[in-house]
Amino acid sequence: MFVRKALNDDLPKIIKVINDAKNLIKGTGSPQWQDGEPSKSVLEEDLRVGRGYVLIVNGEVAGYTALMQTDDPHYDVIQDGSWVNTTDKYATLHRVSIADGYRGKHLSDFMISNLFTIAYEKGFRNFRIDTHAMNKGMQHISLKFGFEYRGIIYVGDKEDDRRLAYELNM
């Protein structure tokens, strides 16, 4: 089991992992990821710029995450709170997903821990993540890793684009 940078050849398997996650989220009643995003073009962009990472288990793509290493403009405005660290560069975890058949094995813990190591080696000490208020699983994972709730951000213009924002400083 290991985490590596995603390759173009991984795209069909990444799309399956994302679609599995979309179905899981849909089952909770959450509107997150039910509008077609993350789309194939977003995932292709992740691969093109080198921010996509896959979790490999027994030779298969079992998880996917985008490790953003540039500022996310959605985080420029935070409501009902504030970021603690506004001066250091930060890395953001997006699209954290585990495929059907691999859930319940704490693989997201392994994947995120590896991504922290990768980002830490690149000089990041500040991390951010966001999720929909109905995505209790991602909230749990964020808090388990020591992220602290910081406020509300918006990833679009609709009320459904409201996200709980978290920050971790190492």
Side-chain angles (χ1 to χ4, degrees), residues 1-69 72 74-75 91-120 127-147 149 152-156 158-168:
M1 180 168 49
F2 59 94
V3 172
R4 67 163 165 78
K5 194 168 275 202
L7 307 171
N8 288 334
D9 290 347
D10 295 325
L11 185 60
K13 293 176 182 177
I14 292 168
I15 290 170
K16 182 192 178 314
V17 170
I18 293 292
N19 286 337
D20 288 351
K22 286 179 180 181
N23 288 331
L24 177 71
I25 292 169
K26 182 178 185 177
T28 68
S30 174
Q32 185 178 9
W33 289 12
Q34 303 308 303
D35 62 354
E37 296 298 333
S39 65
K40 180 180 178 186
S41 63
V42 165
L43 300 172
E44 289 171 336
E45 175 74 2
D46 286 349
L47 299 180
R48 188 182 69 72
V49 301
R51 64 181 170 228
Y53 287 84
V54 289
L55 168 66
I56 304 296
V57 177
N58 297 324
E60 295 295 321
V61 174
Y64 178 76
T65 300
L67 177 65
M68 310 283 285
Q69 298 169 48
D72 185 330
H74 296 117
Y75 290 7
T92 310
L93 300 176
H94 283 303
R95 299 181 268 293
V96 178
S97 306
I98 300 292
D100 288 350
Y102 293 96
R103 290 197 197 97
K105 301 174 189 212
H106 305 284
L107 295 175
S108 60
D109 294 353
F110 180 84
M111 183 169 61
I112 291 170
S113 175
N114 276 264
L115 290 168
F116 281 155
T117 300
I118 291 165
Y120 197 90
F127 296 87
R128 295 180 183 180
I129 200 164
D130 67 84
T131 192
H132 194 280
M134 293 179 76
N135 191 337
K136 301 298 184 193
M138 196 66 231
Q139 292 171 48
H140 171 75
I141 290 167
S142 299
L143 294 172
K144 181 165 65 169
F145 270 98
F147 281 87
Y149 173 75
I152 303 295
I153 62 151
Y154 282 84
V155 296
K158 303 181 303 253
E159 185 58 28
D160 282 347
D161 294 329
R162 181 179 195 263
R163 299 289 184 265
L164 306 178
Y166 296 85
E167 181 180 34
L168 173 66

Please report, to 0.1 Å, the donor-acceptor pairs under 3.5 Å made by any side chain of residues 50-68, with sequence neighbours excluded.
unit_1, atom_1, unit_2, atom_2, d
R51, NE, D46, OD1, 2.5
R51, NH2, D46, OD1, 3.3
Y64, OH, D46, OD2, 2.6

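Smallest separation of non-hydrogen atoms from S97 and I18: OG-CD1, 3.4 Å. Smallest separation of non-hydrogen atoms from A6 and L47: CB-CD2, 3.2 Å. The minimum heavy-atom distance linking I152 with Y149 is given by the pair CD1-OH, 3.3 Å. Nearest heavy atoms, W33 versus V96: CH2-O, 4.2 Å. Of all heavy-atom pairs between I153 and H74, the closest is CB-O, 3.6 Å.
Contacts of E45 classified as side chain to side chain donor-acceptor pair (under 3.5 Å), with partners at least two apart in sequence or in another chain: R48. The side chain to side chain donor-acceptor pair (under 3.5 Å) search around H94 returns D72, not counting sequence neighbours. Y75 meets the side chain to side chain donor-acceptor pair (under 3.5 Å) test with D130; sequence neighbours excluded. Shown here are the ring pair (Phe, Tyr, Trp, His ring centres under 6.0 Å) partners of Y120, two or more places apart in sequence or in another chain: there are none. Considering only residues two or more places apart in sequence or on other chains, S39 meets the side-chain contact (heavy atoms from CB on, under 4.5 Å) condition with E37, S41, V42. Not counting sequence neighbours, the partners of T131 by the side-chain contact (heavy atoms from CB on, under 4.5 Å) test are Q32, N135, M138, Q139, Y166. Qualifying side chain to side chain donor-acceptor pair (under 3.5 Å) partners for R103, counting only residues two or more places apart in sequence or in other chains: D100. In this structure F145 satisfies the ring pair (Phe, Tyr, Trp, His ring centres under 6.0 Å) test together with F116, sequence neighbours excluded. With sequence neighbours left out, the salt bridge (charged side-chain N to carboxylate O under 4.0 Å, His left out) criterion links D109 to K144.
Proximity of a side-chain donor or acceptor of D161 to a complementary backbone N or O of K158 within less than 3.5 Å is detected. Between the T28 side chain and the I25 main chain, a donor and an acceptor come within less than 3.5 Å of each other.
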Can you list the steps and then say if I112 with L93 is a side chain to side chain contact (heavy atoms under 4.5 Å, CB included)? CA-CA 8 Å; I112 291 170; L93 300 176; 3.9 Å; yes
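Every pair passing salt bridge (Lys or Arg N to Asp or Glu O under 4.0 Å) that includes a residue from residues 19-30 is listed here, sequence neighbours excluded: K16-D20. Residue pairs meeting the side-chain hydrogen bond (donor to acceptor under 3.5 Å, both in side chains) criterion with at least one member in residues 2-11, sequence neighbours excluded, are R4-D10.
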